[in-house]
Amino acid sequence: MISALGLKAMHRLDPERAHHLALRALRLGLVPATGVYTSERLRVQIAGLELPNPVGLAAGFDKNAVALAPLAKQGFGFLEVGAATPRPQEGNPRPRLFRLSEDQAVINRFGFNNEGAPAIAARLAKRPKGKAERAVVGLNLGANKDSADRADDFAQVLRVCGPHVDFATVNVSSPNTEKLRDLQGPEALRALLAGVIAARDEMTSPIPIFLKIAPDLDDEGLAGIAEVAVSSGLDAVIATNTTLSREGLVSAHAGEAGGLSGAPLFERSTRVLAQLSKLTDGALPLIGVGGIASAEDAYAKILAGASAVQIYSALVYHGMTLVDEITRGLDALLERDGFDTIAQATGKGRDAWL
């Protein structure tokens, strides 16, 4: 009831202001903590990371790593903060965040607004170290809009922040920084990843490197990314970021520029996930994201080929209690179908999406 009332009040506010208030409420301890639900079925290992459950928080919710401790108590199996750029960046002009309530969706055109890698690294260095509070935390790497060498920006952020996180994600799939998605081309991507992995290998304790891809790739583009991902030595791929498609939307803000997330993205992103699963054939783990709002949605991603999932937009409409609902529901679905582990279920329903 408290969560429902809070959501109702938040939806009366400008979306970006409501988001900042949600982060403040988390920091002040005003959001009830459910704790992390886990079981033998839900525990999963990805790229050497031990996750208590496969439900993670997608990048963008906590861009500046200001609420790590309270978020670690909200039931997530892992957290991803950022995106971080080498220098602070204001992002695009407001308004730049729009609720599409009738579609259970969100459009954003933030443009990598963040306080910059040094400030974010300072917070990450102070993240909780106690076993009860220490979540698996990753950082989404971004590039400054006015950078002379965007590819090198990703490696720069990793050098600054890498020692304080458990994994890092190369984000070349945001639609809100002009020409950023051009870096998804095979040759450009190969060179960019080589620089990031070289920076990773310089670390005293190297961490896994993930890649986040767009849902709007054609078959040839997706095949090229799959080949580069496997041959470059990446540790996982996150599929997918937001889409530029507006197919089937009915909400008043449907025509706003930016990336669309939420329920309308589910089928598109899950199909890309299944295609990628077939193309990589188990060579590296996949993380499914896009339109997840229930345990059934999360389970569908796993059956399509994901070893873990991430959520974000659904929290706008369902609140933080959704995390616990998904993890417990997912556990029950795995038990119902006779799976003892996430790994046993991963990819078992992939062909239905191909």
Side-chain angles (χ1 to χ4, degrees), residues 1-13 15-39 41-44 51-63 66-81 97 99-106 128 132-137 261-266 287-302 306 308-336 342:
M1 185 180 296
I2 293 173
S3 178
L5 290 172
L7 283 173
K8 187 175 181 179
M10 287 289 193
H11 281 211
R12 294 177 181 272
L13 302 175
E16 189 164 353
R17 185 183 176 205
H19 182 75
H20 289 308
L21 286 175
L23 285 171
R24 183 178 297 179
L26 280 163
R27 294 198 304 270
L28 293 174
L30 301 178
V31 181
T34 61
V36 178
Y37 177 79
T38 188
S39 73
R41 275 183 295 272
L42 291 180
R43 290 189 182 94
V44 63
L51 309 181
N53 69 56
V55 182
L57 176 65
F61 185 89
D62 189 3
K63 290 177 178 289
V66 298
L68 288 173
L71 283 170
K73 300 175 183 178
Q74 291 299 324
F76 296 103
F78 62 109
L79 309 172
E80 186 174 346
V81 299
L97 180 64
R99 296 188 202 96
L100 283 70
S101 299
E102 294 87 347
D103 298 298
Q104 292 287 287
V106 172
E133 291 183 314
R134 191 190 186 282
V136 171
V137 175
S261 58
L265 180 57
F266 180 79
I287 297 171
V289 56
I292 297 171
S294 68
E296 289 76 15
D297 292 341
Y299 192 38
K301 297 280 188 186
I302 290 166
V309 299
Q310 291 178 316
I311 63 174
Y312 178 0
S313 295
L315 299 174
V316 173
Y317 297 102
H318 301 280
M320 282 293 172
T321 56
L322 179 65
V323 185
D324 193 60
E325 291 172 17
I326 290 178
T327 51
R328 290 178 186 274
L330 182 56
D331 197 22
L333 290 167
L334 290 165
E335 182 180 25
R336 181 198 69 186
I342 293 289

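What you see is a predicted model; the values in this text were computed from it and never measured.
One finds the CG atom of Leu21 at 11.0 Å from the CG atom of Leu26 (value rounded to the nearest 0.5 Å). Taken to the nearest 0.5 Å, the CG atom of Leu265 stands 12.5 Å off from the CG atom of Asp103. How far CD1 of Ile342 is from CG of Leu51: 10.0 Å, rounded to the nearest 0.5 Å. Rounded to the nearest 0.5 angstrom, Leu330 CG and Glu335 CD are separated by 12.0 Å. The structure places CZ of Phe266 at 7.5 Å from OG of Ser294, a figure rounded to the nearest 0.5 Å. Here Leu71 contributes atom CG and Met320 contributes atom CE; the two are 5.0 Å apart, rounded to the nearest 0.5 Å.
The aromatic rings of Tyr312 and His19 sit tilted, their planes meeting at an angle between 30° and 60°.
Side-chain contact between Arg24 and Leu30 is absent, with no heavy-atom pair separated by less than 4.5 Å. The side-chain heavy atoms of Val323 and Leu315, taken from C-beta on, include a pair separated by under 4.5 Å. Residues Leu68 and Val137 meet the side-chain proximity criterion, which asks for heavy atoms closer than 4.5 Å. A heavy-atom distance below 4.5 Å is found between the side chains of Leu334 and Leu42.
Across every non-hydrogen atom of Asp62 and Val81, the tightest pair is O-CB, 3.2 Å. Closest approach of Leu57 and Phe76 over heavy atoms only: N-CD2, 3.5 Å. The two residues Gln74 and Thr34 come nearest to each other via the heavy atoms O-OG1, 3.4 Å. Closest non-hydrogen pair, Pro264 versus Gln104, comes out as CD-O, 4.1 Å. Nearest heavy atom pair, residue Asn53 against residue Gly75, reads ND2-O, 3.1 Å. Here the closest non-hydrogen pair linking Ala295 and Ile326 is CB-O, 3.7 Å.
No donor-acceptor pair under 3.5 Å is formed between the side chain of Tyr37 and the backbone N or O of Pro52.
In the displayed structure, Arg336 atom CZ is contacted under 6.0 Å by more than 12 heavy atoms of other residues, nucleotides or ligands.
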- Begin from the C-alpha positions of Gln310 and Ile292 and carry the test side chain to side chain contact (heavy atoms under 4.5 Å, CB included) through to its verdict. CA-CA 8 Å; Gln310 291 178 316; Ile292 297 171; over 6 Å; no
